[in-house]
Q: 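I have a structure here, written as structure tokens, and I will follow up with some questions on it.
Below, chains carry the letters A, B, ... as their sequence lines are ordered, and counting in each starts from 1.
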Amino acid sequence: MCNIPLLCIVGPTACGKTHLAVRLANEINGEIISADSRQVYRKMNIGTGKDLDEYSITGKQIPYHLIDIVDPGYHYNVYEYQHDFQLAYQDIVGRNKIPILCGGSGMYIESVISNKYRLDEVPVNDEFRKDAEKYSMDELIAKLKSYKSLHNNTDILDRERLVRALEIALYYDQNPLWYNEQVKYNLFYLSIERSVLRERIASRLTQRLENGMIEEVKLLLDSGVSMDDLLYYGLEYRFISQYLADMMDYEKMTSKLLMAIGQFAKRQQTWFNRMRRNGFQMTDIDTSLSDSQKLQIILSTINS
RNA sequence: GGGGGGAUACCAGAGCGGUCAAAUGGGGCAGACUGUAAAUCUGUUGGCGAAGCCUUCGGAGGUUCGAAUCCUCCUCCCCCCA
């Protein structure tokens, strides 16, 4: 049943992902799963670029998922996303519709199309623990390395952690993912020249400020969302809340924010570049192409 | 009109005769990323290169073995007194 691949539209902020994903969904009877770590929050609309009206096209509403699913103030994370994604994905596929993943949170995207971020509830394995007592630290470390490459030292700091790490590795090795299978996917990367992207970001920022983005942040604060949470949400929420708290003037706020968004966009591109280097197949779509040309590329890729 | 201060690499800003291709910060560029990822962190930043060489500190001259640093003139900016 999972022959339908997940079509992924990815790229940096302000490159037109939603616009394209909606058109694609309209074309192939698809539904959109957002991969945006901030659009999950309700009431955070302008600052996260939610653009909900973009989801209706020629009078038709394209269904979307994983947007507006938690309240502001909550700290959502990758692992919850991984879980929520599976539910949405299986729901869509179960209804014979085509899932389209669309977003710019690289880690969220990678977490659902690779098995690199697996984190199940792993039960204690007494038998294994007893057996492990017979081996030295070095032997156990060697064994752990045979299961996975160590990305840091936290797993081998002491015997207890090491045994637990091995226990988890063993469990993963012997048990399938809680969801049935690895998601098949097709990645489409919206490529855009940095300077053009910067211009887009700048004009979009001006527009958002005119559209009441500052009011939005003020409302969040008034409704009880803490300053710390807004700082944590980053970018527009971070800088605007600092401006509202008189920590910087308007001019400084806008210039720093503009810079920060630009730097963020660069990091997003770095993430996707790395995914490509690490073997993820990616089809580039030049943002300067027309909508129909872009759709053409996607359709011909998935039909071949 | 008189007096004073200043012009340094993309920006801000140190340096005030040699150890200066020039501190530091910002930006830019590149990268990392396993329970905060719109976060956090790292490298790099005149040109060509292996050593090394070449062109830089507003402009033109000068002093000196040697100048971003001292002197003269010029251009522009800021402040104060008229």
Q: Given B:rA38, is OP1 or OP2 found less than 4.0 Å from the side-chain N or O atoms of A:Ser105?
A: yes

Q: Roughly how far apart, to the nearest Å, are B:rA67 and B:rC20 at atom C1'?
A: 11 Å

Q: Need the pair for B:rU69. Rule: Watson-Crick or G-U wobble, both distances under 3.5 Å, any strand; none if unpaired.
A: none

Q: Between A:Arg204 and A:Thr13, do the side chains contain an N or O donor and an N or O acceptor separated by less than 3.5 Å?
A: yes

Q: Using the P atom as the reference point in each nucleotide, state the distance between B:rG58 and B:rC16 in Å, no decimals.
A: 16 Å

Q: Between B:rC54 and B:rC73, how far apart are the two C1' atoms, rounded to whole Å?
A: 30 Å

Q: Can you tell me if A:Lys266 and A:Thr270 form a side-chain donor-acceptor pair at under 3.5 Å?
A: yes

Q: Reckon A:Gly106 touches a base, only the sugar-phosphate, or nothing at all at heavy-atom distances under 4.0 Å?
A: nothing

Q: Please confirm whether the shortest side-chain N or O distance from A:Thr270 to OP1 or OP2 of B:rG31 is below 4.0 Å.
A: yes

Q: Would you say a side-chain N or O of A:Arg198 is under 4.0 Å from OP1 or OP2 of B:rG27?
A: no

Q: Could you work out which one of B:rG28, B:rA32, B:rA37 sits closest to the side chain of A:Arg274?
A: B:rA32

Q: When the distance from NZ of A:Lys256 to C1' of B:rG27 is rounded to whole Å, what number comes out?
A: 12 Å

Q: Rounding to the closest angstrom, what is the interatomic distance between B:rG52 and B:rG4 at atom P?
A: 47 Å

Q: As a test of reading the structure: which of B:rA37, B:rA30, B:rA32 is closest to the side chain of A:Tyr108, going by heavy atoms?
A: B:rA37

Q: Look up atom CE in A:Met227 and atom CD in A:Gln242, then write down how far apart they are to the nearest 0.5 Å.
A: 5.5 Å

Q: Nearest whole Å is fine: how far is B:rG28 P from A:Ile201 CD1?
A: 11 Å

Q: Work out how far the C1' atom of B:rG47 is from that of B:rA39, and round it to whole angstrom.
A: 37 Å

Q: Sort out the partner of B:rA7 for me: Watson-Crick or G-U wobble, both distances under 3.5 Å, none otherwise.
A: B:rU75

Q: Would you say the side chains of A:Gln90 and A:Gln86 form a donor-acceptor pair under 3.5 Å?
A: yes

Q: Going by purine N1 to pyrimidine N3 plus the second Watson-Crick contact, or the G-U wobble pair, all under 3.5 Å, which nucleotide sits opposite B:rA22?
A: none

Q: Paired with B:rC41: which nucleotide, if any, by Watson-Crick or G-U wobble criteria at under 3.5 Å for both distances?
A: B:rG31

Q: In whole angstroms, how far is the C1' atom of B:rC11 from the CG atom of A:Leu258?
A: 15 Å

Q: Which nucleotide wins on minimum distance to the side chain of A:Gln263, given the candidates B:rA37, B:rG28, B:rU34?
A: B:rG28

Q: Only one of A:Asp36, A:Ile32, A:Leu52 clears side chain to side chain contact (heavy atoms under 4.5 Å, CB included) with A:Ile67; which?
A: A:Leu52

Q: Show me, pair by pair, the donor-acceptor contacts under 3.5 angstrom made by side chains of residues 213-225 of chain A, not counting sequence neighbours?
A:
residue  : atom : partner  : partner atom : Å
A:Glu216 : OE1  : A:Asn45  : N            : 3.3
A:Glu216 : OE1  : A:Ile46  : N            : 2.7
A:Glu216 : OE2  : A:Asn45  : N            : 3.0
A:Glu216 : OE2  : A:Ile46  : N            : 3.2
A:Glu216 : OE2  : A:Gly47  : N            : 3.2
A:Glu216 : OE2  : A:Tyr237 : OH           : 2.6
A:Ser223 : OG   : A:Leu219 : O            : 3.3
A:Ser223 : OG   : A:Leu220 : O            : 2.8

Q: Given that A:Met259 and A:Arg277 both sit by RNA chain B, which one's nearest nucleotide is further toward the 5' end?
A: A:Met259

Q: Return the residues of residues 217-251 of chain A meeting this criterion: a heavy atom under 4.0 Å from some atom of RNA chain B. Order them by number, or give none.
A: A:Tyr232, A:Tyr233, A:Gly234, A:Leu235, A:Glu236, A:Arg238

Q: Applying a 3.5 Å limit to both distances, which nucleotide forms a Watson-Crick or G-U wobble pair with B:rC48?
A: B:rG52

Q: So what does A:Thr13 hit on the nucleic acid, given a heavy-atom distance under 4.0 Å: a base, only sugar-phosphate, or nothing?
A: nothing

Q: Suppose you measure atom P in B:rU19 against the same atom in B:rA30; what distance do you get, rounded to whole Å?
A: 34 Å

Q: I want to verify a distance call: between B:rU34, B:rA38, B:rG31, whose nearest atom is closest to the A:Asp36 side chain?
A: B:rA38

Q: When you compare B:rU56 with B:rC10, how far apart are their C1' atoms, in angstrom units rounded to a whole number?
A: 15 Å

Q: A:Arg267 CZ to B:rG31 C1': how many Å, rounded?
A: 12 Å

Q: Under a 3.5 Å cutoff, is there a donor and acceptor pairing between the side chains of A:Asp228 and A:Ser226?
A: no

Q: Take the protein atom CE of A:Met275 and the nucleotide atom P of B:rG31, then report the distance between them rounded to whole Å.
A: 15 Å

Q: Just how far, in rounded Å, is C1' of B:rA38 from CZ of A:Arg204?
A: 11 Å

Q: Does this structure show an ion pair linking A:Asp71 with A:Arg42, if we count only N-O contacts that are shorter than 4.0 Å?
A: yes

Q: Can you tell me the distance, in whole Å, between the OH atom of A:Tyr76 and the P atom of B:rA39?
A: 19 Å

Q: Which value, rounded to the nearest 0.5 Å, describes the distance between A:Arg200 atom CZ and A:Glu193 atom CD?
A: 11.5 Å

Q: Can you tell me the Watson-Crick or wobble partner of B:rU64, both distances under 3.5 angstrom?
A: none

Q: Could you tell me how far apart A:Phe280 (CZ) and B:rC33 (C1') are, to the nearest whole angstrom?
A: 13 Å

Q: Find the partner of B:rU36: check Watson-Crick (N1-N3 plus N6-O4 or O6-N4) and G-U wobble (N1-O2, O6-N3) distances, both under 3.5 Å, and reply none if neither fits.
A: none

Q: Taking atom types as modelled, is there a side-chain donor on A:Asp291 or A:His19 under 3.5 Å from an acceptor on the other?
A: yes

Q: Of the nucleotides B:rA38, B:rA37, B:rC29, which has the atom closest to the A:Arg194 side chain?
A: B:rC29

Q: Expressed in whole Å, how much space separates the C1' atoms belonging to B:rC33 and B:rA50?
A: 34 Å

